[in-house]
Protein chains: 2
Amino acid sequence: MKKVTMADVAKLANVSKSTVSQYLNKRYEYMSEETRKRIARAIEELGYQPNIIARSLKQKTTATIGVIVFNILHMLTIQVLHAIEEACQERGFHVIVSNSDDDPEKEKKYIDMLLAKQVDGLIVFTTGKNEDVYQRLVEERFPLVFVDRMVPGVEADAILLDNKRAAALAVEYLASHGYERIGAVAPPLASHVVPRMERIEGFRQALTEKGLPVIADYFVTAEISSIQRELAKLFASGRPPEALFAINDLTLMKILHFVKNNGIHVPDDLALISIDDVPFADIYTPTLTTIAQPTFAMGKKAAERLFMQIVRKQKHKPQIFRFPPTLIERKSVRQRGNNNDGRR
Amino acid sequence: MKKVTMADVAKLANVSKSTVSQYLNKRYEYMSEETRKRIARAIEELGYQPNIIARSLKQKTTATIGVIVFNILHMLTIQVLHAIEEACQERGFHVIVSNSDDDPEKEKKYIDMLLAKQVDGLIVFTTGKNEDVYQRLVEERFPLVFVDRMVPGVEADAILLDNKRAAALAVEYLASHGYERIGAVAPPLASHVVPRMERIEGFRQALTEKGLPVIADYFVTAEISSIQRELAKLFASGRPPEALFAINDLTLMKILHFVKNNGIHVPDDLALISIDDVPFADIYTPTLTTIAQPTFAMGKKAAERLFMQIVRKQKHKPQIFRFPPTLIERKSVRQRGNNNDGRR
DNA sequence: TAATTCTACTAAACCGGTTTATGAAAACGT
DNA sequence: ACGTTTTCATAAACCGGTTTAGTAGAATTA
């Protein structure tokens, strides 16, 4: 198959391997026009393609980064990945994508494999575990950036949404539209899943700040698959919430399923607001008021920070970047009569 | 950082590099229990991790495949990618993902870069161009599998939807529900974009087979961004179609936008059926009747075929696999009065 | 006892580049 | 004319593994 090596080129051009290597690396300084041409011709003639693996071995750099995600099907993942890929293209880097399936064991395995493959850095949508592994990486100054989530206690760059702000946006918007009895829906809370905690905590905080009731029953946290069941219980009971805050796109989908199956009208019976701007938000009926994450900017930043770490390997103080959420006003929340601090 | 090499292990264990290598490759045949233990201890003690790059150089195999996609944000891409990634995980392979953005130039560049990086094979969601490049790969017996699209004239494995069947399913379903004046919506046709051509051709064929009128005006093919405008024209004219067949998810979205903006009621004013099962199909109102592609099976098959080519590098006759579409009946098409070959 | 076969392990070549130290020839300075 | 730079190019070491050929010494066979 492809067997042409630098030695072949050298022989044909009647120069040494070293000279060919210089040529390829554009170190023309002390190279005669004549030699340069001969090498170019030889390369052309043989259809020579350098073997990057060999180069990597010597240079100890692969121009490849690893990205480990906990859910490759999640829309946020894909969009951020897209931005990362684009940034890497510009720099001539390649991206190896691995899916941990939110399993810390797998995550650890991939970290090890990617390191063995000598990737130049790692961007991780982490499970939130494997603290020891990440701690070691940080100590060794291995380039590392967390996205979306992070590992508490590990001092590494992290690109996150300003989750509290996002929750506050939701609450403030609902409050200003006259809603008081507001519920939240989320997957099970776990201390190592940072955004979940922050969003729920931010939600609770915003409620109290706005002087709205914090009703325990209105916090629906359940496995995605049983959210519908839990909602059914909630709505079967006495007074259901007037509005629901969906912590992410997956829970929003479940809520939409629920309201559709139960003939609940949005926004008349129930107002809806969610984090993550789903692609169908403005063709749904009603169109969906959402809080969007700047996914592209987040991916770009993640890549940038990683490159920064890769080029200057000295110390650098890890930073946590909080990206601002944006409320996209549509029609799943509407003005209610009984309030006096909102508009119209 | 990580500098422990095999030589270090060898020295500490008081054996030769060769022996350590044997040990790592589990060639224990002629190795004393004693030696084995010493090596194990040394590895443990030094925290040694082998450098896969070095191994790759000698073995000429990287356990890495390249996947080039023309649109990383497309749902089909992601789902197939997911399956590919999973299959690779099982085999200990890594996946480098590149996004060509449907630009043949970029595609070519990535092929070259991935080859330089010595990937063991390539799965390509191709732009349909670069025939010469692919032809060379095939001649060199380089492992290659096309997915979704293919390059006409290049004899390589291809994993495709049975596009004609999919179009026929749509037409037959609409016909059996009493629809006669059926339109199709697609991005611009181009001979190198195989699925588009096949779906439209299959649609036309199915119409004639069912004895339904083939109306030129009802074929809306336009850049995604101008589909809404074209639809507006079509519906402003005399007799609009009773049903629309969307060739993929992107066109479906545009149609949904259009009907929403223009107060057209689905399915009463207009029936809708589309290829690609969008995630919101069963929470939309009405729920959407779609024709799903077996994306996971397709990805799995693509990986399998590639592995097949990777392990036995001899000749193998390239095959085109046509995967069967599945009609998922929901509510965007309903029974009409005036027909007599349908059910109900 | 000598020849042969196993066992346990190693030296050295190799993969295909990059890099460093070095050297010959040409150009320059005085 | 002779020493000094400068120009152009190369040999050889190196990266960190794998693999091949080979070799002591023990065990087996004749």
Side-chain angles (χ1 to χ4, degrees), chain A residues 1-40 42-43 46-64 92 112-113 115-120, chain B residues 1-40 42-43 46-64 92 112-113 115-120:
Chain A
M1 209 159 77
K2 73 176 29 188
K3 31 179 68 126
V4 194
T5 83
M6 212 159 84
D8 301 323
V9 175
K11 202 184 303 167
L12 181 60
N14 237 321
V15 294
S16 71
K17 270 197 336 177
S18 332
T19 308
V20 178
S21 177
Q22 311 285 26
Y23 173 86
L24 287 171
N25 292 291
K26 308 205 191 304
R27 300 202 54 71
Y28 298 141
E29 293 155 38
Y30 299 121
M31 193 179 301
S32 69
E33 182 62 27
E34 160 65 9
T35 307
R36 219 177 312 169
K37 274 188 189 152
R38 278 215 316 283
I39 296 177
I43 288 177
L46 297 172
Y48 168 71
Q49 295 282 142
N51 178 330
I52 295 191
I53 292 289
R55 179 209 313 248
S56 293
L57 180 57
K58 178 73 195 202
Q59 289 187 163
K60 295 151 161 310
T61 158
T62 52
T64 304
D112 287 343
M113 290 181 66
L115 290 181
K117 238 169 199 164
Q118 313 294 115
V119 295
D120 294 340
Chain B
M1 209 159 77
K2 73 174 31 188
K3 34 184 61 139
V4 195
T5 81
M6 215 160 87
D8 300 324
V9 175
K11 201 184 304 167
L12 181 60
N14 238 320
V15 294
S16 71
K17 271 197 333 176
S18 331
T19 308
V20 178
S21 177
Q22 312 284 28
Y23 172 85
L24 287 172
N25 293 292
K26 308 202 190 305
R27 299 201 56 71
Y28 297 141
E29 293 155 38
Y30 298 121
M31 195 179 301
S32 69
E33 181 62 25
E34 160 63 10
T35 306
R36 222 177 309 172
K37 273 188 190 152
R38 276 216 316 284
I39 296 177
I43 288 177
L46 296 172
Y48 167 71
Q49 294 282 141
N51 178 329
I52 295 192
I53 293 289
R55 179 212 313 254
S56 292
L57 180 57
K58 177 75 197 207
Q59 289 187 163
K60 293 149 161 312
T61 157
T62 52
T64 304
D112 286 342
M113 290 180 64
L115 290 181
K117 236 165 202 166
Q118 314 294 115
V119 295
D120 294 340

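Chain letters run A, B, ... following the sequence lines, proteins first, then strands; residues in each count from 1. Predicted, not measured: the structure shown is a model, and the values here were computed from it.
- Projected onto DNA chain C by closest heavy-atom contact, B/Met31 and B/Ala54 fall at different nucleotides, the more 5' of which corresponds to B/Met31.
- D/dC8 atom P lies 9 Å from atom CZ of A/Arg36, rounded to whole Å.
- When all heavy atoms of A/Asn25 and A/Arg55 are compared, the closest pair comes out as OD1-NH1, 3.9 Å.
- Taking atom CZ of residue A/Arg27 and atom P of nucleotide C/dT19, one finds them 9 Å apart after rounding to whole Å.
- Using a 4.0 Å heavy-atom criterion, one finds that A/Asn14 contacts the sugar-phosphate atoms exclusively.
- Remark: B/Lys3 is not in phosphate contact with D/dG16, judged by side-chain N or O atoms under 4.0 Å from OP1 or OP2.
- Look at A/Lys58 and you won't find any side-chain N or O under 4.0 angstrom from OP1 or OP2 of D/dA13.
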Q: Could you check A/Thr19 against A/Ser16 for side chain to side chain donor-acceptor pair (under 3.5 Å), going step by step and ending with a plain yes or no?
A: CA-CA 5 Å; A/Thr19 308; A/Ser16 71; 3.1 Å; yes
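- The CG-P distance, from A/Asn51 to C/dC14, rounds to 17 Å in whole Å.
- When each of C/dT10, D/dA9, C/dG17 is scored by its nearest atom to the side-chain atoms of A/Thr19, the top-ranked nucleotide is D/dA9.
- As a whole-Å value, the separation of B/Gln22 CD from C/dA11 P is 13 Å.
- We find that OH of A/Tyr28 is positioned 16 Å from C1' of D/dA9, with the value rounded to whole Å.
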Q: Evaluate the criterion side-chain contact (heavy atoms from CB on, under 4.5 Å) for residue pair B/Val15 and B/Tyr23; output intermediate values, then yes/no.
A: CA-CA 11 Å; B/Val15 294; B/Tyr23 172 85; over 6 Å; no
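- For D/dT7, the OP1/OP2 oxygens have a side-chain nitrogen or oxygen of A/Tyr30 closer than 4.0 Å.
- Nearest heavy-atom pair, B/Met6 versus B/Ser21, reported as atom, atom and distance to 0.1 Å: CE-CB, 3.6 Å.
- Residue A/Ser21 places no side-chain N or O under 4.0 Å from the OP1 or OP2 atom of C/dT19.
- A 4.5 Å side-chain heavy-atom check between A/Asn51 and B/Gln118 finds at least one atom pair inside the cut-off.
- Going from atom CG of A/Leu57 over to atom P of C/dT19 covers 12 Å, rounded to whole Å.
- Proximity of A/Ser18 to the phosphate of C/dT20: no side-chain N or O atom is located under 4.0 Å from OP1 or OP2.
- With distances taken from any side-chain atom of B/Pro50 to the nucleotides C/dT18, D/dT10, D/dG17, the minimum falls on D/dG17.
- On a pure distance criterion of 3.5 Å, no polar donor-acceptor pair joins the side chain of A/Lys17 and the base of C/dG16.
- Between A/Tyr48 and A/Val4, the shortest heavy-atom contact is CD1-O, 3.5 Å.
- Between the CE atom of B/Met6 and the C1' atom of C/dC14 there is a distance of 13 Å, given to the nearest Å.
- A/Tyr48 has a side-chain polar atom (N or O) that falls below the 4.0 Å cut-off from OP1 or OP2 of C/dG17.
- Of the side-chain N and O atoms in A/Ser16, none sit less than 4.0 angstrom from OP1 or OP2 of D/dA9.
- If you check every strand for non-hydrogen atoms under 4.0 Å, B/Val15 touches sugar and phosphate atoms only.
- One interatomic measurement links the two molecules: CD of B/Glu33 to P of C/dA8, which rounds to 11 Å at whole-angstrom precision.
- Between B/Ser32 and C/dC9 there is a side-chain N or O to OP1 or OP2 distance below 4.0 Å.
- Put simply, A/Thr35 has a side-chain N or O that comes within less than 4.0 Å of OP1 or OP2 on D/dA9.
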